[in-house]
Participant: 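Can you read through this structure? Questions will come right after.
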Amino acid sequence: MSALTVDVQQNGSVHELEEYDFSRLPDRPRALNLERQRSFDERSLTEMPLGLSPRPPSRSDNFSRAFEYLDSAFSPGKRSGFNTPRSQFGYGLTYEPHPMIAEAWDNIRRSLVYFRGQPVGTIAALDNSDEKLNYDQVFVRDFVPSALAFLMNGEPEVVKNFLLKTLRLQSWEKKIDRFHLGEGVMPASFKVLHDPIRNTETLIADFGETAIGRVAPVDSGFWWIILLRAYTKSTGDNSLAEKPECQKGMRLILSLCLSEGFDTFPTLLCADGCSMIDRRMGVYGYPIEIQALFFMALRCAMLLLKHDGPGKELIERIVKRLHALSYHMRSYFWLDLKQLNDIYRYKTEEYSHTAVNKFNIMPDSLPEWVFDFMPLHGGYFVGNVGPSNMDFRWFCLGNCVAILSSLATHEQSMAIMDLIESRWEELVGDMPLKVCYPAIENHEWRIVTGCDPKNTRWSYHNGGSWPVLLWLLTAACIKTGRPQIARRAIELAEMRLSKDSWPEYYDGKLGRYIGKQARKHQTWSTAGYLVAKMLLEDPSHLGMISIEEDKNLKPVLKRSSSWTF
Ligand code: GLC
């Protein structure tokens with residue numbers, strides 16, 4: 001049996017060598033030899049004031065635990081095997097590269113943006129239509145799947161350039177009208193301006209001051225930290241993260257989010273349109289996407305920040321926030337059949353510490369659809385929780401990141417996958433995957449979106465299907481040991497994506513129609529597909545975008561077994 005060797009070399013030291021035989025497990029990969037080291041990237045909360053040590057899975061552990069463990073292995077500069085005619089690793093016994101892969105690589109390489117001769121990112125869409133809007137820019141969030149593809153293919157340079165260039169942009173003076181934005185804010189996007197007369201190139205960035213609706217890119221800083229950790233983990237090169245300017249950049253991003261205010265919750269209060277859904281869609285307050293990214297970025301920062309000097313005090317604040325945030329999310333954002341039934345029977349107007357219905361959620365605000373949508377087995381993190389407000393909609397990105405960051409407990413992660421399987425028609429349909437479910441319509445659409453013609457029901461952000469989400473689903477599937485779910489979704493995408501010229505999104509209840517105003521050759525649709533394929537082919541890549549659970553963050557939750565009826 002051939003073995004996949006993950007060569008771990010960082011700081012010139014290899015600490016442990018372990019071998020696991022997955023042969024008795026379902027859907028098994030080949031045996032993995034994991035050379036393991038405790039390093040920069042392996043520090044968990046344990047080595048901080050409150051932590052515990054990550055333990056390697058024993059042979060009796062189940063498949064997904066073993067993949068959690070993959071988090072502590074990595075593959076520096078390892079090519080994924082797509083350049084060879086047949087790959088022998090991954091979940092398939094042998095793997096024939098799909099013809100779309102070569103096309104996808106070609107698209108991604110054509111979308112590269114150069115600044116003074118160096119690649120610094122990928123353009124949002126290679127779309128030749130007149131109305132470019134800002135799709136000719138490098139978006140921070142859009143570049144993430146491209147970056148992962150490059151890292152997985154052993155080409156980290158463009159990722160490093162991107163991280164350094166966006167860091168320089170962060171230090172710009174940011175002003176909207178007469179108002180100065182926080183020092184830590186990262187741009188939503190940037191582009192290279194060529195001056196043919198003077199033959200010069202300059203970067204121009206958008207921090208929300210020119211974006212439609214003047215929306216704040218709260219997610220950009222989080223993605224930046226997550227990508228820095230992915231780069232470090234995949235290359236074994238600590239020197240980038242250790243640079244004083246990178247350390248400072250992280251501190252600035254986190255100081256923005258950890259600053260004290262009037263909050264009564266550990267979640268991060270946001271305006272509408274502050275993330276992937278960058279238009280008014282009723283996601284203001286405490287949207288799941290931002291909370292999950294916040295949690296992931298905090299955990300990555302714990303691994304990247306130096307524990308001396310100015311980082312030390314910040315780390316103490318991060319540890320406290322992680323504890324409070326994970327407790328809050330796992331307790332109050334979690335919805336399953338039992339919790340739904342509890343809310344249905346809630347008393348309201350409770351006062352004092354003994355209140356069960358802490359946020360004063362009115363049972364009458366429960367939407368009709370949620371009763372049918374909730375499967376017997378399964379659950380998910382709801383879209384938003386605030387005073388008398390619970391947004392019951394399903395959001396894909398937040399739930400997948402909750403799995404990858406281990407914000408979701410192991411049981412919750414499994415329950416999310418159960419839900420995706422049971423609600424396949426609704427969440428995947430003909431084209432993976434729904435950005436949120438269900439769509440809002442009629443009067444509600446008028447009120448919530450402000451009559452947005454781009455966000456009509458089952459279109460764009462309002463229940464549209466976004467191929468980019470494939471990589472997140474696939475990563476979550478691998479982490480939970482359910483690669484067959486990802487394979488099914490990828491097969492669906494392969495039936496259409498290339499023929500349809502890699503659209504940005506699809507419309508309709510089942511995602512059957514190319515989106516009304518969708519761009520063609522949208523880079524992150526292509527990169528999302530590519531990363532999904534590479535992850536399936538070589539699951540050890542998962543380590544760069546996944547973090548194992550820290551047992552210290554487990555809430556003392558009595559209803560933790562509520563999804564087993
Ligand atoms: C749309 C998406 C946003 C993305 C941008 C560029 O505005 O909503 O998430 O970053 O397009 O592709």
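Hydrogens, waters and symmetry mates play no part in the numbers below; they use all other heavy atoms, side chains included. When a ligand or atom number is given, it counts from 1 through the structure's own listing order.
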Participant: Under a 3.5 Å distance rule, please check whether D507 uses its side chain to pair with a backbone N or O of Y513 as donor and acceptor.
Facilitator: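 Such a contact is absent between D507 side chain and Y513 backbone.
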
Participant: Which residue and atom name correspond to the protein heavy atom nearest atom 2 (C) of ligand 1, and how close is it?
Facilitator: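 Result: M276 O, 3.7 Å.
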
Participant: Between D430 and R512, is there a salt bridge with N-O shorter than 4.0 Å?
Facilitator: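 A salt bridge is present here (some side-chain N lies under 4.0 Å from a carboxylate O).
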
Participant: Using 4.0 Å as the upper bound for N to carboxylate O, is an ion pair formed by R141 and E289?
Facilitator: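 Salt bridge flag = no for R141 with E289.
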
Participant: Show the atoms of ligand 1 that are less than 4.0 angstrom away from any heavy atom in E504.
Facilitator: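 So the answer, numbered in order with elements, is 1 (C), 11 (O).
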
Participant: Short list, please: which atoms of ligand 1 are under 4.0 Å from a heavy atom of H461?
Facilitator: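 In order of numbering, the contacting atoms are 2 (C), 8 (O).
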
Participant: Decide whether D452 and Y460 meet the rule of one side-chain donor and one side-chain acceptor closer than 3.5 Å.
Facilitator: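 On atom types as modelled, these side chains do not qualify, holding no pair under 3.5 Å.
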
Participant: Which residue and non-hydrogen atom of the protein lie closest to atom 12 (O) of ligand 1, and at what distance in Å?
Facilitator: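 Nearest neighbour among protein heavy atoms for atom 12 (O) of ligand 1, to 0.1 Å: D142 OD2, 2.5 Å.
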
Participant: Thinking salt bridges, do E494 and K533 make one under a 4.0 Å N-O criterion?
Facilitator: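 Salt bridge flag = yes for K533 with E494.
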
Participant: List ligand 1 atoms under 4.0 Å from Q522, heavy atoms only on the residue side.
Facilitator: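 Atoms satisfying the 4.0 Å criterion: 12 (O).
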
Participant: Could you identify the single nearest non-hydrogen protein atom to atom 1 (C) of ligand 1 and state the distance to 0.1 Å?
Facilitator: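 In this structure, atom 1 (C) of ligand 1 has Y460 OH, 3.3 Å as its nearest protein heavy atom.
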
Participant: Do we see a donor-acceptor contact under 3.5 Å between the side chains of T235 and K160?
Facilitator: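 Their side chains do not contain a donor-acceptor pair, so the 3.5 Å distance test is not met.
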
Participant: Could you tell me the residue and atom name of the protein heavy atom closest to atom 7 (O) of ligand 1, and the distance to it rounded to 0.1 Å?
Facilitator: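 Ranked first by proximity to atom 7 (O) of ligand 1 is D278 OD2, 2.7 Å.
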
Participant: Considering distance alone, does some N or O of R141 sit under 3.5 Å from an N or O of ligand 1?
Facilitator: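 Yes - when backbone and side-chain N and O of R141 are compared with those of ligand 1, one distance drops under 3.5 Å.
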
